[in-house]
Undergrad: 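Below is a structure I'd like to ask you about.
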Amino acid sequence: MGSVLSYSGLSTKIRAMQSRLVTDEQLEEIVQLPNVPQVTAYLKRTPEYQNIWSGLDENDLHRGQIEKLLKKSIFLNFSRLYHFANQEQRTFLSLYSKRYEIRVLKEIMTNLFDHRDTDPVDISPYRDFFKHHSKLDIDRLTACTNMDEFIAALKGNDFFIPLSQVNERGNATLFDFGMALDLSYFSQIWNVRKKLFKGNDLKQITKAYGEKFDMLNLQFIFRSKRYFSMAPADIYALLIPMNYKLKKEEIRAIVEAATYEESQQLFRKTYYGKKYEHLSAHNLEEFYNYMLRSTLEKEARRDPYSVAMLYSYMYHKEHEVNRLTIAIECIRYGVAPDEAMQYIRNN
């Protein structure tokens with residue numbers, strides 16, 4: 001009963017917000033539009049965007065500005081939920097929001113490696129959000145001119161130590177720094193979940209993130225073996241250090257398989273290979289998106305008064321923005337509507 005009472009108001013709020021998300025049918029109409037300004041005009045008439053975009057002139061907006069507005073809608077909706085949530089729910093949302101910090105840090109690092117300044121306009125969708133939901137000094141970070149300055153600007157933040165460790169090894173690549181951020185975040189989620197959640201919330205968080213981490217590890221292993229012929233020791237160093245349905249011995253066998261084909265055969269014997277017969281190493285990435293979405297939808301329907309409902313909504317909102325961004329790109333480059341919908345459905 002406590003869970004129902006604590007989530008009842010938020011559940012009602014999320015159901016209303018969920019009903020306003022752009023549907024597949026609307027996406028099919030969008031990809032039929034002749035140009036990007038028409039997309040903006042269309043979205044201004046949808047429940048999700050009509051209020052916040054009502055004052056915009058679609059003819060004055062270019063593609064980049066529209067994508068920034070779409071990103072900003074994610075943070076606006078996150079803030080609405082955070083304002084409505086109780087302390088326990090805010091704990092999850094605060095942990096979840098670190099993914100947005102990582103996204104910004106990666107954008108800035110990419111510019112540093114490319115020897116380009118970070119345009120404050122590019123970071124603008126995050127600015128108001130970070131003011132209320134992050135301790136990152138985004139202005140100081142964007143002013144950095146090299147990785148040493150950038151890492152020093154993070155001192156006192158959770159990401160300072162993992163980035164410092166990578167930097168101290170010397171000759172680190174952008175990929176190395178990005179992986180360090182991801183592994184730090186994933187490890188934090190997995191290690192603190194039992195302290196932050198209990199009962200059904202703990203069970204659902206463990207399932208949602210456990211399957212996600214398993215699938216990400218499988219994707220990385222197969223990509224490494226198929227395209228880069230990486231040595232087992234190098235693969236192990238970059239795996240998320242936790243297991244859910246994948247056993248340690250199964251991971252070891254797949255990583256150390258002599259050939260890519262042998263690793264595929266070993267995968268068929270795992271929990272995921274047995275449960276999803278149509279799943280293979282070749283379609284792991286596409287299936288990962290489908291499985292995560294399906295798991296969250298199923299858990300949110302099964303228990304609408306739980307943390308799964310929060311996670312499911314934020315995932316679907318981000319998924320909407322990704323798909324709209326793909327639709328806009330397809331229209332911009334004149335991709336046929338049927339082909340555009342294939343790209344969108346595979347996302």
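Keep in mind that the numbers below use all heavy atoms, side chains included, and drop hydrogens, waters and symmetry copies. Since we're looking at a predicted model, the values are computed, not measured.
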Undergrad: When rounded to the nearest 0.5 angstrom, what distance separates OG in S229 from CG in D234?
TA: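 Separation between the atoms: 11.5 Å.
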Undergrad: Output the distance between atom CD1 (I205) and atom NZ (K194), rounded to the nearest 0.5 Å.
TA: 14.0 Å
Undergrad: When rounded to the nearest 0.5 angstrom, what is the spacing between NZ in K195 and OG1 in T91?
TA: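 It is 13.5 Å, given to the nearest 0.5 Å.
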Undergrad: Checking side-chain polar atoms at under 3.5 Å, does S306 have a donor or acceptor matched by the opposite partner on Q204?
TA: yes
Undergrad: Is there side-chain contact between M230 and L238, with at least one heavy-atom pair below 4.5 Å?
TA: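 Result yes, sub-4.5 Å side-chain heavy-atom pair found.
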Undergrad: Does K98 have more than 12 heavy atoms from other residues, nucleotides or ligands lying within 6.0 Å of its NZ?
TA: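 For K98, atom NZ is crowded (more than 12 foreign heavy atoms under 6.0 Å).
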Undergrad: So which pairs with a foot in residues 236-245 pass side chain to side chain donor-acceptor pair (under 3.5 Å), sequence neighbours left out?
TA: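 Found Y236-E256.
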Undergrad: Would you call the rings of Y96 and F78 parallel, tilted or perpendicular, where under 30° means parallel and over 60° means perpendicular?
TA: parallel
Undergrad: May I ask you to test the N200-R302 pair for a side-chain heavy-atom distance under 4.5 Å?
TA: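 The answer is no, as the side chains (C-beta and beyond) never meet within the 4.5 Å cut-off.
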Undergrad: What residues form a side-chain hydrogen bond (donor to acceptor under 3.5 Å, both in side chains) with N322, not counting sequence neighbours?
TA: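 Result, side-chain hydrogen bond (donor to acceptor under 3.5 Å, both in side chains) vs N322: none returned.
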Undergrad: Please say whether more than 12 non-hydrogen atoms of neighbouring residues, nucleotides or ligands are located less than 6.0 Å from CG in L174.
TA: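 Yes, the 6.0 Å shell around CG holds more than 12 heavy atoms from other groups.
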Undergrad: For S19 and R15, does a side-chain donor sit closer than 3.5 Å to a side-chain acceptor?
TA: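 Result is no, nothing qualifies.
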Undergrad: Is D338 atom CG crowded by more than 12 heavy atoms from other residues, nucleotides or ligands, each under 6.0 Å away?
TA: no
Undergrad: Write out all pairs satisfying ring pair (Phe, Tyr, Trp, His ring centres under 6.0 Å) with one or both partners inside residues 56-76, taking only residues at least two apart or from two chains.
TA: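 Qualifying pairs: F75-Y100, F75-Y126, F75-F129.
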Undergrad: Show me the side-chain donor-acceptor pairs of residues 148-157 shorter than 3.5 Å, one per line, residues at least two apart or across chains.
TA:
{"residue": "D148", "atom": "OD1", "partner": "N167", "partner atom": "ND2", "Å": "2.9"}
{"residue": "E149", "atom": "OE1", "partner": "T145", "partner atom": "N", "Å": "2.9"}
{"residue": "E149", "atom": "OE1", "partner": "T145", "partner atom": "OG1", "Å": "3.2"}
{"residue": "E149", "atom": "OE2", "partner": "T145", "partner atom": "OG1", "Å": "3.1"}
{"residue": "N157", "atom": "OD1", "partner": "F159", "partner atom": "N", "Å": "2.9"}

Undergrad: Using the side-chain contact (heavy atoms from CB on, under 4.5 Å) rule, take N86 and L10 through it: C-alpha gap first, then chi angles, then the decisive distance, then the call.
TA: CA-CA 9 Å; N86 63 28; L10 190 61; over 6 Å; no
Undergrad: If only side-chain N and O atoms count, and only distance matters, is there a donor-acceptor pair under 3.5 Å linking K317 with S73?
TA: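 Yes, a side-chain donor-acceptor pair sits under 3.5 Å.
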Undergrad: Return the orientation label for the F213 and Y209 ring planes: parallel under 30°, perpendicular over 60°, tilted otherwise.
TA: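 If you compare the ring of F213 with that of Y209, the planes turn out tilted.
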Undergrad: Applying side-chain hydrogen bond (donor to acceptor under 3.5 Å, both in side chains), can you list everything that pairs with E67, at least two apart in sequence or on another chain?
TA: R63
Undergrad: Closest approach of I254 and I221, non-hydrogen atoms and distance?
TA: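 Looks like CG2-CG2, 3.7 Å.
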Undergrad: For a 4.5 angstrom cut-off between non-hydrogen side-chain atoms, does M314 reach I74?
TA: yes
Undergrad: Mark yes when over 12 heavy atoms from residues, nucleotides or ligands other than K203 sit less than 6.0 Å from its NZ; otherwise mark no.
TA: no
Undergrad: side-chain contact (heavy atoms from CB on, under 4.5 Å) for M341 and I344? Distances and angles first, verdict last.
TA: CA-CA 5 Å; M341 285 307 299; I344 289 169; 4.0 Å; yes
Undergrad: I'd like to check the salt bridge (charged side-chain N to carboxylate O under 4.0 Å, His left out) partners of D114; sequence neighbours left out, ordered by chain and number.
TA: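 For D114, the residues satisfying salt bridge (charged side-chain N to carboxylate O under 4.0 Å, His left out) (neighbours in sequence not counted) are R116.
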Undergrad: Who pairs with E339 by side-chain hydrogen bond (donor to acceptor under 3.5 Å, both in side chains), at least two apart in sequence or on another chain?
TA: Y343
Undergrad: Take R103 and E107 through the salt bridge (Lys or Arg N to Asp or Glu O under 4.0 Å) test and state the conclusion after the steps.
TA: CA-CA 6 Å; R103 190 176 299 173; E107 287 185 23; over 6 Å; no
Undergrad: Identify the two heavy atoms, one from A257 and one from L266, that lie closest to each other, and give their separation to 0.1 Å.
TA: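 Looks like CB-CD1, 4.0 Å.
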Undergrad: Are side-chain heavy atoms of V307 and Q89 found at a separation under 4.5 Å?
TA: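 No, every pair of side-chain atoms sits at 4.5 Å or beyond.
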Undergrad: Could you check whether E249 pairs with R252 (Lys NZ or Arg NE/NH1/NH2 to Asp/Glu carboxylate O, under 4.0 Å)?
TA: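 Salt bridge: no.
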Undergrad: Minimum heavy-atom separation for V166 and A180, please, with both atom names.
TA: CG2-CB, 3.5 Å
Undergrad: Compare all side-chain heavy atoms of V39 with those of L324 and state whether any distance is below 4.5 angstrom.
TA: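 When only atoms from C-beta onward are counted, L324 and V39 do not touch, as no gap falls below 4.5 Å.
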Undergrad: Please determine whether a side-chain nitrogen of the Lys or Arg among K135 and D158 lies less than 4.0 Å from a carboxylate oxygen of the Asp or Glu.
TA: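 Result for this pair is no, no salt bridge flagged.
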Undergrad: Carefully, step by step, assess K225 and I235 under the rule side-chain contact (heavy atoms from CB on, under 4.5 Å).
TA: CA-CA 9 Å; K225 295 182 76 68; I235 295 176; 4.0 Å; yes
Undergrad: For E101, what residues pass the side-chain hydrogen bond (donor to acceptor under 3.5 Å, both in side chains) criterion, not counting sequence neighbours?
TA: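 For E101 the side-chain hydrogen bond (donor to acceptor under 3.5 Å, both in side chains) partners, ignoring immediate neighbours, are S134.
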Undergrad: Using the ring-ring contact (aromatic ring centres under 6.0 Å, His included) definition, which of the options F267, Y227, Y272 pairs with F222?
TA: F267
Undergrad: Considering non-hydrogen atoms only, spot the tightest contact between L183 and L239 and give its length.
TA: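 Shortest heavy-atom contact: CD2-O, 3.6 Å.
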Undergrad: Is there side-chain contact between N77 and E48, with heavy atoms separated by less than 4.5 Å?
TA: yes
Undergrad: Is there side-chain contact between E261 and Q265, with at least one heavy-atom pair below 4.5 Å?
TA: no
Undergrad: Can you pull the side chain to side chain donor-acceptor pair (under 3.5 Å) pairs that have at least one residue in residues 181-190, sequence neighbours excluded?
TA: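 As it turns out, the side chain to side chain donor-acceptor pair (under 3.5 Å) pairs with a partner in residues 181-190, which skip direct neighbours, are K106-D182.
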Undergrad: From I331 CD1 over to L33 CG, what is the distance, rounded to the nearest 0.5 angstrom?
TA: 5.5 Å
Undergrad: Please report the C-alpha distance between Y313 and L21 in whole Å, then the side-chain angles of each, then the deciding distance to 0.1 Å, and finally whether the side-chain contact (heavy atoms from CB on, under 4.5 Å) criterion is met.
TA: CA-CA 10 Å; Y313 174 77; L21 295 180; 4.1 Å; yes
Undergrad: Which pair of non-hydrogen atoms, one from K71 and one from P125, has the smallest distance, and what is that distance?
TA: CB-CB, 4.1 Å
Undergrad: Residues two or more places apart in sequence or in another chain: which of them pass ring pair (Phe, Tyr, Trp, His ring centres under 6.0 Å) with H132?
TA: none
Undergrad: Which residues pass the salt bridge (charged side-chain N to carboxylate O under 4.0 Å, His left out) test with K212, not counting sequence neighbours?
TA: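 Expected list: none.
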Undergrad: Taking C-beta and beyond as the side chain, do L69 and I52 meet within less than 4.5 Å on heavy atoms?
TA: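 Sidechains of I52 and L69: no contact.
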Undergrad: Would you name the heavy atoms of K68 and S124 that are closest together and state the gap between them?
TA: CD-OG, 4.0 Å
Undergrad: What pairs of residues pass the side chain to side chain donor-acceptor pair (under 3.5 Å) test when at least one of them lies in residues 27-39, not counting sequence neighbours?
TA: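 Found E28-R345, E29-Y42.
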